[in-house]
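Shown next, in structure tokens, is the structure this report addresses.
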Protein chains: 2
Amino acid sequence: MNVHEPEHAPERRLVTLSDVARAAGVGESTVSRVLRNQGSFSKRTQDRVAEAVARLGYVPNRLAGMLAGSGTTAGAKLVGIIIPSLTNIVFPDLLRGANAALDRDGFQSVIGVSDYDPEREEALIGALLSWRPAGLIVTGLEHTAGAVARLRASGIRIVEMIDTDGAGLDIVVGFSNRSVGRDSARHLLGRGYRRIGYVGHDIGRDLRAAKRLAGFCETLSEAGHPLAEREIAPGPSSAAAGRAALERLLARRPDLDAVYFSNDDMALGGYFHCLAQRIAVPGRLALFGFNALDIAAAMPQPLTTIRTPRLEIGAVAAERLGADGPPEVIDLGYELIPGATA
Amino acid sequence: MNVHEPEHAPERRLVTLSDVARAAGVGESTVSRVLRNQGSFSKRTQDRVAEAVARLGYVPNRLAGMLAGSGTTAGAKLVGIIIPSLTNIVFPDLLRGANAALDRDGFQSVIGVSDYDPEREEALIGALLSWRPAGLIVTGLEHTAGAVARLRASGIRIVEMIDTDGAGLDIVVGFSNRSVGRDSARHLLGRGYRRIGYVGHDIGRDLRAAKRLAGFCETLSEAGHPLAEREIAPGPSSAAAGRAALERLLARRPDLDAVYFSNDDMALGGYFHCLAQRIAVPGRLALFGFNALDIAAAMPQPLTTIRTPRLEIGAVAAERLGADGPPEVIDLGYELIPGATA
DNA sequence: AATCAGATTGGCAGCGCTGCCAACGCCTGT
DNA sequence: ACAGGCGTTGGCAGCGCTGCCAATCTGATT
């Protein structure tokens with residue numbers, strides 16, 4: 001059976017609120033009140049409206065509702081979320097956390113994916129603002145000047161998530177990536193590693209990874225054991241990229257005793273390289289990741305990595321969007337997972 | 001600086017189209033035409049409008065636009081997408097594919113996540129329909145009766161993606177999961193494996209995995225080597241779940257010579273178990289996955305698995321949403337990747 | 001100079017719903 | 001019996017934008 005309406009069909013008008021009102025024998029505003037369970041009405045009215053809604057198969061038109069309700073407090077039950085990527089499981093995790101909190105408060109979300117492109121982010125901000133959301137959740141602190149101007153002009157709550165290293169516009173929820181890098185370096189140094197390399201992915205785009213690396217290098221240098229070598233894979237992070245990049249890195253510097261990866265995906269690839277080349281981990285080479293993916297814990301040797309509160313960041317971001325109050329920075333921290341690879 | 005508007009502020013009204021019209025010294029409909037680049041207008045008018053828009057920082061109100069434009073052809077440039085989960089990378093991939101195609105055609109998407117819960121899917125369908133989208137993309141062919149009724153009543157294009165094993169409502173884009181199961185079994189049988197087990201995740205919810213298993217079992221039985229044993233991990237698929245489940249499975253049936261996993265995540269966990277227990281793969285135990293994740297190819301021994309056209313499914317689903325035409329089933333097929341584990 | 005097709009433009013009625021307010025009952029209290 | 005209070009209810013003006021149509025302007029044609 002075809003659900004699609006053929007072109008020549010008599011353009012069946014959809015059921016509207018006023019149809020329901022007529023069918024139930026009550027006024028439009030009464031139906032509206034019953035449907036939103038707001039204001040007062042009798043049980044009898046409620047039943048009649050419910051019956052009419054069910055019988056006619058009425059579906060409220062949220063566009064009209066939001067338009068009419070705009071300007072008022074209860075207006076927009078909608079938020080926009082912009083993330084840089086869907087390929088990295090980190091961002092779906094943030095979405096899950098945010099969605100859970102949003103659902104609870106009866107909010108809908110509209111999502112945009114920027115592909116790590118600041119220009120595209122700016123365009124998305126415009127697109128999402130045109131939905132007149134109650135608030136916007138964006139990723140990171142770095143935006144184009146145009147994007148910042150739009151965000152400022154919107155007058156709505158803005159939450160920047162994941163990163164706390166820098167100045168935020170309004171609410172900032174996340175952790176310090178720089179500090180993650182420093183702690184990672186400290187851990188490796190503490191375990192006696194001295195000839196340390198780095199394997200990362202396209203760092204010009206993933207600014208958070210760049211900040212981790214910066215913090216990592218700082219601490220290494222301060223300790224007198226500066227980063228020995230680095231290998232940056234072009235494109236997004238992946239196990240395949242990590243494996244290939246580690247191979248190239250070791251070809252140039254076979255003497256390394258530890259490698260810091262931009263994240264667990266890359267580290268897992270590195271681990272696979274070690275398995276394939278029979279490089280003892282961590283005896284011959286230590287591996288350190290970032291993100292504490294589920295997969296990292298399932299490895300024969302659990303990966304040494306850093307757990308980030310992804311779901312929580314999403315949840316807190318969503319919660320704050322609804323609240324009012326002054327701008328603030330909420331640092332949710334992170335946790336170093338010792339593992340067995342470093 | 002605070003972007004958030006304090007409560008007591010004089011409720012700055014946002015710039016509207018009529019503000020722009022006044023500022024540019026033209027009529028409202030002229031501004032509307034220029035902004036949508038539709039109809040005809042002079043270069044001079046266009047410049048004046050553009051200037052006014054920039055000066056006032058005008059952001060069109062899509063709610064109003066869609067409401068006004070509803071009923072007409074060009075009305076809704078919006079589609080709804082419902083996926084069961086964000087944890088499994090498969091679904092973000094579908095989204096990416098769909099988003100790419102949607103962007104190209106100037107569509108926006110609203111996304112809902114059902115958590116593999118049919119009731120929740122029904123609720124989401126209602127929520128998304130209330131946006132009056134031009135079409136809806138849903139996952140799988142199984143829906144509650146209520147959901148089917150709503151979809152039918154909506155009168156819009158419906159695309160059901162991923163699965164072609166069953167009757168669709170309108171457009172169906174995907175591949176046969178049952179057939180995937182059969183081909184997987186055929187491959188294992190062809191390589192001489194005879195004592196074959198299965199490791200899966202919560203199959204009551206992931207209906208596609210159940211179909212693959214059904215096809216798999218059929219072929220095994222037809223060949224006279226029925227499935228020897230199965231182990232179902234509760235909850236969603238993950239490497240950790242796969243690893244633990246394989247361990248339990250082998251505890252009961254140490255004599256198995258091959259295991260079919262519900263997907264690559266689970267298979268990767270199984271592989272880790274084998275590494276940790278020094279079980280030779282595929283000599284002592286063969287492993288077979290599903291989905292051809294990037295990670296499967298990066299393993300020391302590439303995983304034997306099945307590549308599914310995820311991006312393409314998303315893209316085709318999005319494309320078809322815009323086109324009219326009769327209902328149809330589009331089978332995009334899949335490809336068996338031999339790998340080195342089976 | 002009058003005419004006419006085509007390009008440009010503005011006015012205005014909705015799209016479907018919500019907020020506001022006046023209008024009802026109906027039940028106390030005096 | 002009447003005023004007052006409260007729970008209910010309906011009417012109606014928008015929300016900001018688009019579609020439609022008539023008005024105006026342009027230049028070329030007869």
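Each chain gets a letter, A, B and so on, in the order its sequence line appears, and its residues count up from 1.
- Rounded to whole Å, the distance from CG on A/Leu63 to C1' on C/dT18 is 14 Å.
- Put simply, the side chain of B/Thr30 reaches to within 4.5 Å of the side chain of B/Thr45, judged on heavy atoms.
- Looking at A/Arg33, its side chain comes within 3.5 Å of the base of D/dG10 through a donor and an acceptor atom.
- Of the candidate nucleotides D/dT18, C/dG16, C/dC17, D/dT18 has the atom lying nearest to any side-chain atom of B/Leu17.
- A/Asp19 has its side chain within reach of A/Arg22: a pair of non-hydrogen atoms, C-beta onward, lies under 4.5 Å apart.
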Open item on the list: For B/Glu160 and B/Thr139: C-alpha separation, side-chain torsions, deciding distance, then whether side chain to side chain contact (heavy atoms under 4.5 Å, CB included) applies.
Closed with: CA-CA 5 Å; B/Glu160 292 165 289; B/Thr139 308; over 6 Å; no

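- Among the nucleotides C/dC15, C/dT9, D/dT18, the one closest to any side-chain atom of B/Leu67 is C/dC15.
- Contact between the side-chain N/O atoms of B/Thr30 and the OP1/OP2 oxygens of C/dT9 is not found at any separation under 4.0 Å.
- With rounding to whole Å, A/Arg44 atom CZ is found 15 Å from D/dG7 atom C1'.
- Looking at which nucleotide of DNA chain D each of B/Ala68 and A/Val31 is closest to, the 5′-most match is held by A/Val31.
- An OP1 or OP2 oxygen of D/dC17 is reached within less than 4.0 angstrom by no side-chain nitrogen or oxygen of B/Arg36.
- Under 4.0 angstrom from either OP1 or OP2 of C/dT9 there lies at least one side-chain N or O belonging to B/Thr45.
- Mapping B/Glu28 and A/Ala64 onto DNA chain C by nearest heavy atom places B/Glu28 at the nucleotide closer to the 5' end.
- For A/Ser70, no side-chain nitrogen or oxygen approaches OP1 or OP2 of D/dC15 to under 4.0 Å.
- In this structure, B/Met66 places its CE atom 12 Å from P of D/dG19, rounding to the nearest Å.
- Side-chain to base pairing of A/Arg62 with C/dG16: no donor and acceptor N or O lie closer than 3.5 Å to each other.
- If you check every strand for non-hydrogen atoms under 4.0 Å, A/Ser40 touches a base.
- OP1 or OP2 of C/dT8 has not a single side-chain nitrogen or oxygen of B/Gln46 nearer than 4.0 Å.
- Rounded to a whole Å, the CG atom of A/Asp19 is 13 Å from the C1' atom of C/dC17.
- The CD atom of B/Gln38 sits 15 Å away from the P atom of C/dA7 (whole-angstrom rounding).
- Atom-to-atom, NZ of B/Lys43 to P of C/dT9 comes out at 13 Å; the value is rounded to the nearest Å.
- There is a side-chain donor-acceptor pair under 3.5 Å between B/Arg36 and B/Ser32.
- One can place CZ of B/Arg132 at 13 Å from P of C/dC15, the figure rounded to the nearest angstrom.
- Regarding contacts with the backbone of D/dT9, a side-chain N or O of A/Ser42 is found under 4.0 angstrom from either OP1 or OP2.
- No hydrogens or angles were tested; on distance alone, a donor-acceptor pair under 3.5 Å links the side chain of A/Ser29 to the base of D/dG11.
- In this structure, a donor-acceptor pair under 3.5 Å is absent between the side chains of A/Glu122 and A/His143.
- For the pair B/Phe41 CZ and C/dG10 P, the interatomic distance rounds to 13 Å; values are reported in whole Å.
- Here the side chains of A/Ile82 and A/Glu121 are in contact, with some heavy-atom distance below 4.5 Å.
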